[in-house]
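Presented below is the structure to which this report refers.
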Amino acid sequence: MAQNEYLYLLRLVRPALLSEGPTPAEAEIRDRHVRYVRSLKLSGVLILAGRAHTAPEQSFGLVIFRAVDKAAARAVMQADPAVSEGLMTVELFEFPLAFAGSFTAVE
């Protein structure tokens with residue numbers, strides 16, 4: 001079955017977590033989030049994930065991954081503990097890849 005690319009954009013509900021540090025509950029959720037994203041990598045679903053290092057109130061993370069359709073993509077996104085446990089807000093986008101991998105400059 002054909003796979004499509006999707007992106008979910010994450011923003012902290014409490015941006016001060018980055019400057020003040022997480023509460024114990026936030027740290028637990030964050031750790032489960034990291035384990036979840038790693039499991040997506042191990043299962044071959046994840047293409048790329050990361051966080052922008054900006055001012056806390058501007059910070060965001062993204063997860064680019066493959067799913068068979070938007071419903072399946074939404075299920076992947078909602079299963080992320082950062083989303084399901086309310087640590088982060090989330091937006092889902094269809095994100096067809098135009099270029100991927102390493103490039104060599106052509107002159």
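Quantities reported herein were computed from a predicted structural model and do not represent experimental measurements.
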Anything under 3.5 Å between a donor and an acceptor, one on a side chain of residues 9-18, the other on a protein residue two or more places apart or in another chain? List them.
residue	atom	partner	partner atom	Å
Arg14	NE	Glu26	OE2	2.9
Arg14	NH1	Glu20	OE1	3.2
Arg14	NH2	Gly21	O	3.0
Arg14	NH2	Glu26	OE1	2.7

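- Every residue two or more places apart in sequence or in another chain that forms a side-chain hydrogen bond (donor to acceptor under 3.5 Å, both in side chains) with Glu85 is listed here: Arg32.
- Other cluster members for Leu42: none, since no ILVMFWY side-chain heavy atom sits under 4.5 Å from it.
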Is there a side-chain contact (heavy atoms from CB on, under 4.5 Å) between Asn4 and Val68? Walk through the geometry before answering.
CA-CA 6 Å; Asn4 301 301; Val68 295; 5.9 Å; no
Could you go through the side-chain contact (heavy atoms from CB on, under 4.5 Å) check for Leu48 and Leu62 one step at a time?
CA-CA 8 Å; Leu48 174 119; Leu62 58 85; 3.6 Å; yes
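- Residues Lys70 and Tyr6 share a closest heavy-atom pair of N-OH, 3.1 Å.
- When all heavy atoms of Ile29 and Pro81 are compared, the pair lying nearest together is CG2-O, 3.6 Å.
- Note on residues 20-60: no pairs pass ring pair (Phe, Tyr, Trp, His ring centres under 6.0 Å), not counting sequence neighbours.
- In this structure, the side chain to side chain contact (heavy atoms under 4.5 Å, CB included) partners of Thr54, at least two apart in sequence or on a different chain, are Ala52, Gln58, Ser59.
- Annotation: salt bridge (Lys or Arg N to Asp or Glu O under 4.0 Å) contacts of Arg66 (sequence neighbours excluded): Glu5.
- Of all heavy-atom pairs between Ala27 and Pro22, the closest is N-CB, 3.8 Å.
- The heavy-atom pair separating Leu97 from Ile47 by the smallest distance is CD1-CD1, 3.8 Å.
- Pairs of residues two or more places apart, or lying in two chains, never qualify as salt bridge (charged side-chain N to carboxylate O under 4.0 Å, His left out) while including a residue from residues 37-60.
- For Met77 against Leu92, the heavy-atom pair with the smallest separation is SD-CB, 3.7 Å.
- Residues forming a side chain to side chain contact (heavy atoms under 4.5 Å, CB included) with Asp69 (at least two apart in sequence, or on another chain): Ala71, Ala72.
- Met88 is connected to Leu46 through a chain of hydrophobic side-chain contacts under 4.5 Å among Ile, Leu, Val, Met, Phe, Trp and Tyr, so both are in one cluster.
- Tyr8 meets the ring pair (Phe, Tyr, Trp, His ring centres under 6.0 Å) test with Phe65; sequence neighbours excluded.
- Note: the hydrophobic cluster containing Ile64 does not contain Leu40 (ILVMFWY, side chain heavy atoms under 4.5 Å, direct or indirect links).
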